[in-house]
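Input: a single structure, listed below in structure tokens.
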Amino acid sequence: MAEFTVLVVLGGAGDSLKKADLELVAAGRALGTVAVASTGPVTDAVRAQLGEHGATAVFVPEGVDLSQYLVGPTAAWLADVVAAAGSAVRTVLLDNSADGKEAAARLGVRLDAGVVTDVVALEADGTAHKSVLAGSYEVRARVRSGLAVLTLKPNAEVAAPEPVPAAADLVPVAVPQESLAAAARITGRTPKASSGRPELTEARIVVSGGRGTDGDFGPVEELADALGGAVGASRAAADAGWISHDLQVGQTGKTVSPQLYIAAGISGAVQHRAGMQTAKVIVAVNSDPDSPIFEIADFGVVGDISEVLPQAAAEIARRRG
Ligand SMILES: Cc1cc2nc3c(=O)[nH]c(=O)nc-3n(C[C@H](O)[C@H](O)[C@H](O)COP(=O)(O)OP(=O)(O)OC[C@H]3O[C@@H](n4cnc5c(N)ncnc54)[C@H](O)[C@@H]3O)c2cc1C
């Protein structure tokens, strides 16, 4: 097995990889030579795909599916994987989910590593960019000594196969038994009914509606579908019961970092900005030209959303044929 400098952690890659998994691998490749640690077993097809994306090895837990446990045993196992790989490993990259951040924190304690969460972009020297204090500041942080453990938000990188694919060896590593002894096991999962749209936090395009929708999310959904994006909402819209709280974006909702964020009938309160300010391009549609959302918008349309959104959706559909 080739030496590697970056360990990318995928939560139970199973028999298929998500876009966000391959983005993490791409982010790792920008930092060095990548190996992957999957918390559950992987199929040959997944291993081959990881090789195509540049992974030189895929570590899996020996005889245990760690995705069936809460995070404790995963952190203990990852610490063993990193320790066995030796001092060449400089970075561990995880996703920015609640589990990813908890595993990062536990790993940081176990390995005396520096931990940076909520990363939106990475430079080749490991400098991490993040947005803090409800989006009011952008900071750059770099772990200057030892191991860096980073959790990366979706859409920070574009996934692409490596021109020279690697043959990713499968490497089973034993899970420390003491970590399993007192660990809580997950006895069941109930998947949410699928909307057919991408997951809000992973989507490359998000169209969000606010109080300005006056309860009619039809035009927001229509535009999201024309663009193949996810639907989001402000808290005012979620609190009014117009849309599920699951789709609330902001300080007390989800944090999104898409390539394109369209805010429709949303004023741009600081608590809303906190959840979307790191979007690459922000488009605002609002009938009030003095609305604060225009301060952060790259492109603004002053108009009534019930007129602007259907026109935009129809034009996009026409151009897409
Ligand atoms: C502790 C705390 C946490 C919070 N967390 C969150 C959070 O996570 N997410 C969040 O979003 N908010 C959060 N809030 C609430 C936040 O302060 C705002 O109240 C909320 O974001 C406002 O939602 P809105 O922009 O949809 O509504 P409004 O502020 O009422 O804005 C509606 C906008 O729609 C425009 N409009 C009206 N009609 C039309 C039309 N026909 N066409 C076009 N534009 C139109 C108006 O000009 C206006 O700008 C939080 C508040 C607190 C105190």
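Atoms within each ligand, like the ligands themselves, are counted from 1 in listed order.
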Ser208 versus Tyr261, side-chain donor and acceptor atoms under 3.5 Å: yes

Modelled atom types, side-chain donor and acceptor of Ser97 and Asp99, under 3.5 Å: no

Side-chain donor-acceptor contact under 3.5 Å, Ser67 with Thr39: no

Distance-only donor-acceptor check, side chains Glu123 and His129, under 3.5 Å: yes

Main-chain N/O of Thr151 paired to Lys101 side chain as donor or acceptor, under 3.5 Å: no

Amino acids in close contact with ligand 1, where any non-hydrogen atom sits under 4.0 angstrom away: Gly210, Arg211, Gly212, Ser234, Arg235, Ala236, Gln248, Val249, Gly250, Gln251, Thr252, Gly253, Gly265, Ile266, Ser267, Ala269, Gln271, His272, Asn286, Ser287, Asp288, Ser291, Gly303, Asp304, Ile305

Centroid-centroid under 6.0 Å between Phe59 and Phe4 rings: yes

